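To start, the structure under review is shown below, and the notes come after it.
From a predicted model like this one, the values you see are computed outputs, not experimental measurements.
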Amino acid sequence: MRQTLDFLLHDWLKVSELTRRERFAEHSAETFAAVLDTCERIAREKFAPFNREADTQEPRFDGERVHLPESTHAALAAYVASGMLAAAQDYELGGMQLPCVIEMAANAFFSKANVAMGGYVMLTNGNANLLMAHGTPMQREVFARNEFAGRWFGTMCLSEPQAGSSLSDVATRAVLEDETDPLGPRYRLKGHKMWISAGEHEISENIIHLVLAKIPGADGKTIPGTRGISLFICPKHLVNTRAELTGERNDIRLAGLNHKLGYRGTSNCLLNFGEKNEGAVGYLVGQPGEGLKCMFHMMNEARISVGLGAAMLGYAGYEASLAYARQRPQGRPMGKGGKDAAAPQRPIIEHADVKRMLLAQKSYVEGALALELFCARLVDEQHTGTPEQAAAAELLLEVLIPIAKSWPSEWCLEANSLAIQVLGGYGYTRDFPVEQYWRDNRLNMIHEGTHGIQALDLLGRKVVMNGGAALMALAGRINQTVQAALAVPGLASHANELAAALARVGQATKSAWSSGVPEEALANATPYMQAFGHLVLAWLWLDVVLAAPGESDFARGKQAAQRYFYVYELPKIDAWLAVAASREPLAREMQDQWF
């Protein structure tokens, strides 16, 4: 994996060019490599050896505290000591001012080694980043700074038992208690939050919950819909302005742990706020009614992180099944007269169908890794580029983020399924790790915005907003790659196929909306997103192989994966686009009783 990662960063994305910018001027290719080396080592030594242990010894609640394996505590202590929690922050905050693309690349090692352990730090980083963007100076100093230091960890408390993806139905209430508290306007919260990853543990001294709740008006009623949602900081243990624990525990109680198919090493909780007293203490972040605006500030990088986690679980399964296929003897080659039973068995990697499954995995996982790093590179353009570069990056991210989250979640899960198939019966057992990779990966189509939500966002908003500006920006980048590939022998036919696929997606987008009825257009949003994602990956693969010329084994591997994607995968988009373009009514018109 490291060779591919270095190639994507340096030969394809040209990350060294970022060191010409003021924010990254103290970095070089050598410092970037040192960060990757350190993270690769910690992941190999502290995370990977305990991946199975974190799965089998899942969090346990004894009525007082949540127990986790000691290896989880040790691994996260090593991560904190590395400074990676504050990797992208200013030097003044104890950060390294790393580009987002390097931070994501470094974190890829942890997702691959033990994604459940990595969940604690991903949530903490996202929590602190949000507070840096929307918190008061005091909130940044007290809460975000201590999260970046790893003294405290963080969560995101959005969902409720009756309100998962439908955040407009959030019922947790917040009543003002003291508008002058130096930590922010102080409220009392009552309600229940469900599916809260890392919601209770004793890895860190404190847990900083970011909680969505509604503030009732003078009549005691809350504003319907998402406009009434506000955001609050609710620490597990109350603190003062000097970031010292007061000794008082906030009224936040663990009602129970959710026992999951995968991701078992991350505690997942039902939390009750204000169960015993007048309510849990919460400090308002930003303005009342702007909770979702604040929360979605961090969604781009959070969804890139989810996509990266899915990609790396797929990568782990690919490497495991590749190693197995190289050493597992079974079957004999086909000759003119059929199989020669007297001939020695061959490693299964010599069988064409096994090669097909491995090629599929390679095209999915390496393509997904390229997608996430490309999006992270756009985040750097958005934050540190010229105004023109920032605007162009923001436009591309608008249309790519749903794909960055959804595509690896679906197709790297398929890679894990193929890894199990390569191992055969052994893949279905716990003697080998590939079954766990599949179980862990299955969550990624659900959290941080379900698959269907991403599809509605893509077709319902991203490709049509501002007259289709984001879609046109993506088309412009794809056409640049098409023009470059047309001049390369062996790639011209694929360039033409990509151009034709782009045209079909554009036409299907118009056809889906031709009636002007959202219910008709969006009934087949998920097949549309599948086609759109395959278009994006076909584009990225062609762009990647343009940076990998030559006859080395490494280059030939990239070229074979790109060819596989065009021969086996890109043709699938026609069936997906057909139902979207025709506004196929079956799913919309299906009646409950017919099931």
Discussion item. I'd like to know whether F110 forms a ring-ring contact (aromatic ring centres under 6.0 Å, His included) with Y79, so could you lay out the CA-CA distance, the side-chain angles of the two residues, the decisive distance to 0.1 Å, and finally the verdict.
Written reply: CA-CA 9 Å; F110 300 104; Y79 186 95; 4.9 Å; yes

Worksheet entry | side-chain hydrogen bond (donor to acceptor under 3.5 Å, both in side chains) assessment of H209 paired with T155 | CA-CA 5 Å; H209 302 286; T155 75; 2.9 Å; yes

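- The backbone N or O of P59 lies less than 3.5 Å from no partner atom in the side chain of R264, so there is not a single donor-acceptor pair.
- Across G135 and Q139, no two heavy atoms sit closer than the pair CA-OE1, 3.2 Å.
- A salt bridge is absent between R303 and E448; no separation between the charged side-chain nitrogens and carboxylate oxygens falls under 4.0 Å.
- Using a distance-only test at 3.5 Å, with no hydrogens or angles considered, a donor-acceptor pair links the side chain of N127 to the main chain of I208.
- Residue-environment remark: CD (E26) stays at or below the threshold of 12 foreign heavy atoms within 6.0 Å.
- Aromatic ring pairs are classed by plane angle as parallel below 30°, tilted from 30° to 60° and perpendicular above 60°; the pair F153 and Y120 is tilted.
- Salt-bridge annotation for R186 and E177: present, with a side-chain N of the basic residue lying under 4.0 Å from a carboxylate O of the acidic one.
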Worksheet item: Passes side-chain contact (heavy atoms from CB on, under 4.5 Å), F109 versus N114? Steps please.
Response: CA-CA 9 Å; F109 294 112; N114 194 319; over 6 Å; no

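- Contact check for P69 versus T72: side-chain heavy atoms found under the 4.5 Å cut-off.
- Around atom NZ of K46, no more than 12 heavy atoms belonging to other residues, nucleotides or ligands sit under 6.0 Å away.
- For K260 and E58, the salt-bridge test fails: no basic side-chain N is under 4.0 Å from an acidic carboxylate O.
- With sequence neighbours excluded, the residues that form a side-chain contact (heavy atoms from CB on, under 4.5 Å) with L397 are N300, C375, L378, V379, Q382, I401.
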Worksheet item: Is there a side-chain contact (heavy atoms from CB on, under 4.5 Å) between L271 and R253 once you walk through the steps?
Response: CA-CA 6 Å; L271 298 177; R253 306 296 166 182; over 6 Å; no

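- Between R442 and D440, no side-chain nitrogen of the basic residue sits less than 4.0 Å from a carboxylate oxygen of the acidic one, so the salt-bridge criterion is not met.
- Aromatic ring centres of F61 and H67: separated by at least 6.0 Å.
- Side-chain contact between L212 and T172 is absent, with no heavy-atom pair separated by less than 4.5 Å.
- Neither side chain, D181 nor Y187, offers a donor N or O lying under 3.5 Å from an acceptor on the other.
- Side chain of R439 to backbone of L261: a donor-acceptor contact under 3.5 angstrom is found.
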Item to complete: Walk me through it: do V142 and W152 pass the test side-chain contact (heavy atoms from CB on, under 4.5 Å)?
Response: CA-CA 10 Å; V142 171; W152 301 341; 4.2 Å; yes

Practice prompt. Could you walk me through whether V121 and L85 pass the side-chain contact (heavy atoms from CB on, under 4.5 Å) test, one step at a time?
Written response: CA-CA 7 Å; V121 290; L85 268 170; 4.1 Å; yes

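- Salt-bridge annotation for D90 and R23: present, with a side-chain N of the basic residue lying under 4.0 Å from a carboxylate O of the acidic one.
- Residues meeting the side-chain hydrogen bond (donor to acceptor under 3.5 Å, both in side chains) test with K405, sequence neighbours left out: none.
- Proximity of a side-chain donor or acceptor of N441 to a complementary backbone N or O of A310 within less than 3.5 Å is detected.
- Side-chain N or O atoms of H134 include none that pairs as donor or acceptor with a backbone N or O of M295 at under 3.5 Å.
- When the ring pair (Phe, Tyr, Trp, His ring centres under 6.0 Å) test is applied to H192, no partner is found at least two apart in sequence or on another chain.
- In this structure, Q389 and G385 approach most closely via the heavy-atom pair OE1-CA, 3.3 Å.
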